[in-house]
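First comes the structure, then the notes that go with it.
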Amino acid sequence: MAKDRTRYVCQACGAVFPKWQGRCDGCGEWNTLSEEAVETPRGPGPAARAGGGRRVEFVGLQGEAPPPARIPTELAELDRVLGGGIVPASAVLVGGDPGIGKSTILLQAAARIATAGRRTLYISGEEAVEQVRLRARRLGLETAPLALAAATALRDIVASLEQEREAALVIIDSIQTLWLDALDSAPGTVAQVRTCAAELIRLAKSRGFALVLVGHVTKEGTLAGPRVLEHMVDATLYFEGDRGHQFRILRAVKNRFGATDEIGVFEMTERGLVEVLNPSALFLAERRGNVAGSAVFAGIEGTRPVLVEVQALLAPSAGGSPRRQVVGWDSGRLAMLMAVLEARCGMTLGMNDVYLNIAGGLRIAEPAADLAVAAALVSAATDRPTDPGMVYFGEVGLSGEIRQVSQAEARLREAQKLGFTAATLPRRLARGGRAPAALDGLRPTEIGHIADLVAPFAARAERRAGRAEAAKPGAAKAEAVEAGPAG
Ligand code: TYD
Ligand code: MG
């Protein structure tokens, strides 16, 4: 029984394998398995568990369920993502790429909470006290009554926290730097990260302080990723965005005390992260009208409507298999849409390299974006700009039908607020469907099939296709629909 002293643990998802393999069967990631020693269980054995337990009280479903109290962070966008503030005695995981701004936003929030009179502890395992002080000075927060420490030994941290009477919030930056000497594995392995997190969460629940754990997203599989902790915490927030962009998006992917998929939008400035209260205006700020290949999507992120620009560029492929470059959207979905445009509208897109970009660094998961992506593609293919005052939303089905999406009114209202004058949206169902309330100054165009979207561009498209066919005889016919998801 005691033969297997090591096992292989996926550092991305925590799946365990007896033998090494290149790809994790659990999450599909490559090269994420690393060898770990099998931990011998400590604590009560099966015999102790068999007796001596106390009887558990069972109660009915009715009873008091007051909404949880909240600690407001005073950063409106962070509070929005958390569902109104941090819940005492809860555990929040903040994940994201290194350098994205996790330490910055948490220091900002911690300083404000401390200034509001709640005891707040910031334990840095990554940076020395001086570095954190330097950042605080840069952010103009050095006078906040924050309790700061640099520590990585879980034993010391737990001992210190056990003596804390008043602590309202404890921040651990990052969980991957902590280690417990009782474990043989190195800091940052799945075993260490899980054990340390479990111990801190247990302490947070028993002592009543809110716990925030920072977890770096790692690509190489050398450190355990935040995903191995997602099931242990009450809320998981991911910081997204491109370090080259100044926008940062904080997204709730799990929240026991609020809505998931809620986003907070920030801008990284010289003086830290600044909240962006009107993201639509920001995402559209650099849009230039009258450029082919651009369409505005009226989306919903969490509970908030957000307008973003979808950009498409088609370029004749240099040969070989055409490139598909997608930023901020699903490449499989792009392949599907192109196939629908080719099969249902007779367009020929397949021989082109296709670049698709969601401007501003937002990542969109809603199928409602199909129509805007299709509009951008058709516009690029026909070299004809979309109406600059038009927003698009609707899901596209495989037969080319346009499907209803949720919250049409909220989308239209946001478009109206930002001065848009027209919207292309799914046709109301004959029965049961409710018309979105008519909005002043916003002209709706309801369509039932993708061909209705293409029609206004069609004359130009045909001429172009004709030219392409004349230039390359047989090329359009030989071109197969791009079906496989491309990177
Ligand atoms: P940081 O919070 O250290 O990232 P993480 O903890 O997620 O690894 O953010 C580091 C980046 O943010 C760094 O590239 C510098 C930049 N930054 C600013 O642009 N302005 C600021 O005021 C601060 C504090 C950092
Ligand atoms: Mg950091």
Side-chain angles (χ1 to χ4, degrees), residues 11 73-75 77-78 81-82 86 92-115 120-144 146-152 157 169-179 187-188 193 196-197 200 211-220 222-230 233 235-253 263-276 282 360-361 363:
Q11 304 296 311
T73 65
E74 315 278 339
L75 287 162
E77 290 292 288
L78 178 58
V81 178
L82 287 164
I86 302 181
V92 179
L93 174 66
V94 177
D97 289 333
I100 198 84
K102 300 181 294 296
S103 303
T104 304
I105 194 167
L106 290 175
L107 188 63
Q108 288 178 263
R112 288 176 191 223
I113 292 170
T115 305
T120 306
L121 311 169
Y122 189 108
I123 299 171
S124 174
E126 293 195 341
E127 292 162 311
V129 164
E130 294 74 41
Q131 275 175 290
V132 182
R133 282 185 176 151
L134 212 63
R135 177 179 296 134
R137 201 170 317 146
R138 178 171 172 181
L139 296 171
L141 300 170
E142 69 271 37
T143 55
L146 190 68
L148 174 67
T152 55
I157 294 171
L169 172 67
V170 175
I171 293 169
I172 305 286
D173 186 4
S174 69
I175 188 69
Q176 284 130 332
T177 54
L178 299 200
W179 58 281
V193 164
C196 293
L200 289 166
L211 177 71
V212 176
L213 302 174
V214 172
H216 291 299
V217 170
T218 57
K219 302 247 155 58
E220 299 77 26
T222 47
L223 281 178
R227 270 170 60 193
V228 303
L229 295 178
E230 270 179 22
V233 294
T236 304
L237 316 181
Y238 275 102
F239 230 146
E240 300 169 358
D242 181 347
R243 261 188 291 171
H245 269 135
Q246 73 267 42
F247 312 128
R248 299 284 182 275
I249 288 141
L250 192 62
R251 188 185 292 275
V253 297
I263 63 165
V265 184
F266 296 89
E267 195 174 349
M268 182 60 101
T269 69
E270 278 299 295
R271 303 210 60 190
L273 287 152
V274 177
E275 306 151 72
V276 173
L282 176 124
R363 210 170 60 216

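Each ligand, and each atom within it, is numbered from 1 in the order the structure gives.
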A student checking ligand 1 against P98 at a 4.0 Å heavy-atom cut-off should list atoms 8 (O)
Contacting atoms of ligand 1, where contact means under 4.0 angstrom from a heavy atom of E270 |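 So the answer, numbered in order with elements, is 20 (N), 21 (C), 22 (O).
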Looking only at protein heavy atoms, identify the closest one to [atom] and say how far it is in Å.
atom: atom 13 (C) of ligand 1; answer: G99 O, 4.6 Å
atom: atom 2 (O) of ligand 1; answer: T104 OG1, 2.5 Å
atom: atom 20 (N) of ligand 1; answer: T269 O, 2.7 Å

Report the residues that fulfil side chain to side chain donor-acceptor pair (under 3.5 Å) with T152, sequence neighbours left out, ordered by chain and then residue number.
->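 W179.
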Protein N/O/S atoms closer than 2.8 Å to the Mg ion (ligand 2), ordered by chain and number, come to S103 OG
Compare M268, R137, R248 and give the one whose heavy atom is closest to atom 16 (C) of ligand 1.
-> M268
Closest by any non-hydrogen atom to atom 22 (O) of ligand 1: pick that one out of S103, S124, G272, G95.
-> G272
Compute the minimum heavy-atom distance from G96 to ligand 1 and say whether it is under 4.0 Å.
-> no
Hey, is ligand 1 close enough to D173 that some N/O pair sits below 3.5 Å?
-> no
Counting only heavy atoms on the protein side, is anything nearer than 4.0 Å to atom 24 (C) of ligand 1?
-> yes
Does a donor on one side chain sit under 3.5 Å from an acceptor on the other, for E126 and S174?
->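 The criterion, which ignores hydrogens and geometry beyond distance, is satisfied for S174 and E126.
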